[in-house]
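To start, the structure under review is shown below, and the notes come after it.
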Amino acid sequence: MSGSRISVFGAGYVGLVTGACLAELGHTVVVRDVVSAKVEALSRGEVPIYEPGLDDLLARNRDRLSFTLGMREAIDGAELLFVAVDTPPMYSGDADLSRVWTVIDELPRDIDGTRPILVMKSTVPVGTGEKVRAALDGRGLGHVGYVSNPEFTAEGSAVRDFLEPDRIVIGAFEAADGDRVEALHGTLSAPVVRTTVPSAEMVKLASNAFLSTRISFINEIANVCELVGADVTEVARGMGLDHRLGPHFLRAGIGFGGSCFPKDVSALKQLAGNSGYHFQLLSAVIEVNELQKRRVIGKLQKHLGRLRGKRVALLGLAFKPGTDDMREAPSLVLASRLLAEGAEVRAWDPVAHASELLPQVRICASVEEAVEGADAAVIVTEWEQLRALATPEIRDLMRGPLIVDGRNVLDPTAVRAAGFAYEGIGRPTSPFDILPETAEREPELETGP
Ligand code: UGA
């Protein structure tokens, strides 16, 4: 198929990756966003987000990519209109579809082309496609097709995930519309799941909810491992070799974050509730995740006693490595809990900008600056640079040599041999881990007024 003319609504993580990858596949793409600073920056060739490989892809496909604020410019001649705006959680936990509806409401009635197709990339509740279909019909846009084509790209590997997908899911009301979206993917070799619109919508939500369930499950196993002397990393390795389980998403840690899992688990739970079903399992997945983010506090208290006046270095702030995204990052909850305990918090991240989100935290330019004089260092995000944290230089900079490895990326034996006390998540502790100065101390309990 020769290149199609495509418009993409939304220049966020999903929209930019979708636009750049579709251009890479040979299509001509106009990305439309309502934030003028973003559109201007992109037009100048600047990429407003950190996503590995994206800047190269945008630069390489400059001739086939443009950015605009204008609806008319975006849709003129477009054969396919991808909706990739964000659908953040509302206070109730339901997905906020206002940006999706704004795009649909703004579509002009005289939209041309034989049969332009609206392709939903944004993650939406099951049933949204049917509502959009009815709205389009009601507005005299019955000639506009509708296809659900959820995205399964993870931040940090989004370009590769798009160009080398595990599967392409296409839910269409009209088979011919689905055929056209399938053809767009041209040379990508992946199983294509052709299904109904509600099923395609559910594939997305169920996939994210299941991955989140695996994480909360392994985190609970980790918490039990701590009580019974097992090591969750060994347990996960043993479990993952069962082909029915597989090794993925079994890394215990301080909980999942990001713009997708917390939002989608909650959206699926609310969707079920709104439809008359109480999805018990997802309530537990959410609660386990909330508690997991806070468990580091207990680990620090075990070694340091009261945290008031103690200096703690948070290493890594983004919700995972390979991204600058701070949305729902566990670091935010952890930093706030530490501050509430009266600790002094320093933090370092190689790409995330967090000074506005964490005004009371001193953001440091290097790991060394963050750990200087610290009573403990916590690995919050498993950036590659942190794998070599346990050096004599770092130990000498710290006031107390305690490392809490919130992502289980360090080798406990090597860390202890380098003179640090080590605490992982779900890993056995060593009697030598309790720092001498705190070991003899009675635990300091807060007393009432
Ligand atoms: C996730 C999905 O992986 C994508 O398939 C999906 O397309 C995307 O959401 C979306 O809905 O747009 P993402 O949120 O970018 O992608 O990140 P993940 O790599 O899935 O990680 C999510 C969180 O889970 C991170 O905080 C990570 O640290 C945590 N995690 C992941 C664990 O705690 N343990 C694991 O074993 C794996």
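As the structure lists them, so they are numbered: ligands from 1, and atoms in each ligand from 1. Note that these values count all heavy atoms, side chains included, but never hydrogens, waters or copies made by symmetry.
Contact check for Leu205 versus Val126: side-chain heavy atoms found under the 4.5 Å cut-off.
Under a 3.5 Å cut-off, the side chain of Glu51 and the backbone N or O of Ala158 do form a donor-acceptor pair.
Aromatic ring pairs are classed by plane angle as parallel below 30°, tilted from 30° to 60° and perpendicular above 60°; the pair His185 and Phe162 is parallel.
The residues Lys38 and Glu46 are annotated as not salt-bridged, no charged nitrogen and carboxylate oxygen being separated by less than 4.0 angstrom. Checked for salt-bridge contact, Arg387 and Glu382 miss the test: no charged N lies under 4.0 Å from a carboxylate O.
For the side chain to side chain contact (heavy atoms under 4.5 Å, CB included) test with Val17, the passing option among Leu57, Leu54, Leu22, Leu163 is Leu54; the others fail.
Ligand 1 is surrounded by Glu151, Phe152, Thr153, Ala154, Glu155, Lys204, Asn208, Ile215, Phe249, Leu250, Arg251, Phe256, Gly257, Cys260, Phe261, Asp264, Phe319, Lys320, Arg407, each with at least one heavy atom closer than 4.0 Å.
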